[in-house]
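Written out below as structure tokens is the structure these notes cover.
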Amino acid sequence: MSIKSKTALFTDKTFMKFVLVGIVNVTVGATIMFVFYNVFHFSYWVSSASNYFFGSIVSYFLNKYFTFKFHEKGWWSIVKFTLNIFVCYIIAYSIAKPMMQWMLSDFSMIVQENVSMAVGMCLFTALNYLGQRFFAFHE
């Protein structure tokens, strides 16, 4: 794949639609995640997973029909979407937490985990886009 085609992957109309759907998901999901962590004092993993549980329901329908215009019927697209979300979540948050613990070792655990969740969201978004485009909703 050439550099031009790699660049186009993240600048085409499909990616822009994905970003719009992502803004909705981030607004809802991040609010849930940070409220669960900072107000209700749920754990890092419960709080961050809640973000993706609730956001993924909205994301599935918006990305399937609006972003990727994927009209395949049946359970297989739901299975692929769920698998993609799960794998992206595990990878992103498993990288973010130890990385931020190391980089922010002089800060409190609360600061480390809040920053880890924000970094995890960024990593997740990039991985999720690729997974949805080339796996979950790929014809």
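Note that the structure is a prediction, hence the values are computed from the model and not measured.
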4.5 Å side-chain heavy-atom contact, T14 and K17: no

Nearest-0.5 Å distance that lies between atom CE in M117 and atom OH in Y37: 5.5 Å

Say you draw a straight line from OG of S56 to CG of N128; how long is it, rounded to the nearest 0.5 Å? 7.0 Å

Which atom of H138 lies closest to which atom of F70, heavy atoms considered: O-CE1, 3.9 Å

Test side-chain contact (heavy atoms from CB on, under 4.5 Å) applied to K80 and W76, step by step: CA-CA 6 Å; K80 291 192 313 183; W76 185 234; 3.2 Å; yes

Same cluster (ILVMFWY, side-chain, under 4.5 Å), F53 and M33: no

The test is side-chain contact (heavy atoms from CB on, under 4.5 Å); show your working for T67 and L62 and say whether it passes. CA-CA 7 Å; T67 305; L62 289 176; 5.7 Å; no

Rounded at 0.5 Å granularity, tell me how far CD1 in I110 sits from OH in Y44. 14.5 Å

Please write out which residues are connected to M109 in a hydrophobic cluster, directly or through intermediates, given that two of Ile, Leu, Val, Met, Phe, Trp, Tyr count as joined at side-chain heavy-atom separations below 4.5 angstrom. none

ILVMFWY cluster, F134 and V19 together (side-chain gap under 4.5 Å): yes

As a quick check of understanding, evaluate side-chain contact (heavy atoms from CB on, under 4.5 Å) for Y65 and H71, giving each step before the final call. CA-CA 7 Å; Y65 296 110; H71 298 289; 3.9 Å; yes

Only one of Y52, Y93, Y129, F124 clears side-chain contact (heavy atoms from CB on, under 4.5 Å) with C88; which? F124

Would you find more than 12 non-hydrogen atoms of other residues, nucleotides or ligands less than 6.0 Å from I78 atom CD1? yes

Between F107 and V115, is there a side-chain heavy-atom distance shorter than 4.5 Å? no

Here the pair of heavy atoms bringing S116 nearest to A96 is O-CB, 3.4 Å

Whether W45 and Y89 hold their rings parallel, tilted or perpendicular, with breakpoints at 30° and 60°: perpendicular

Correct closest heavy-atom pair for N25 and S59 would be ND2-CB, 3.0 Å

Going through the distances and angles, do S47 and F34 end up as a side-chain contact (heavy atoms from CB on, under 4.5 Å)? CA-CA 7 Å; S47 299; F34 288 115; over 6 Å; no

Is it possible for you to check whether K64 lies under 6.0 Å from the centre of the six-membered ring of F137, through NZ or CZ, and within 45° of that ring's axis? no

Any idea how Y60 and F81 line up, ring-wise: parallel (<30°), tilted (30 to 60°), or perpendicular (>60°)? perpendicular

Report yes if the side chains of V46 and S43 come closer than 4.5 Å at any heavy-atom pair, otherwise no. yes

If hydrophobic clusters are built from ILVMFWY residues whose side chains come within less than 4.5 Å, do V58 and V35 share one? no

Using the six-membered ring wherever Trp is involved, compare the ring planes of F54 and F36 and label them parallel, tilted or perpendicular (cut-offs 30° and 60°). perpendicular

Does atom CZ (F135) have a neighbourhood of more than 12 heavy atoms from anything else shown, all under 6.0 Å? yes

If Ile, Leu, Val, Met, Phe, Trp and Tyr residues are connected whenever their side-chain heavy atoms lie under 4.5 Å apart, and connections chain through other members, are V26 and L130 in the same group? yes

A30 and M121: which non-hydrogen atoms are nearest, and at how many Å? CB-CE, 3.9 Å

If you define the side chain from C-beta out and look only at heavy atoms, does anything of I32 sit under 4.5 Å from N51? no

How long is the span from the CG atom in N63 to the CG atom in L20, to the nearest 0.5 Å? 10.5 Å

Inter-residue atom distance M99.CE - S94.OG, 0.5 Å rounding: 12.0 Å

If every non-hydrogen atom of F18 is compared with every non-hydrogen atom of T125, which pair is closest and at what distance? CE2-O, 4.0 Å

For the hydrophobic clusters of this structure (ILVMFWY residues joined by side-chain heavy atoms under 4.5 Å, transitively), does one cluster hold both M100 and L127? yes

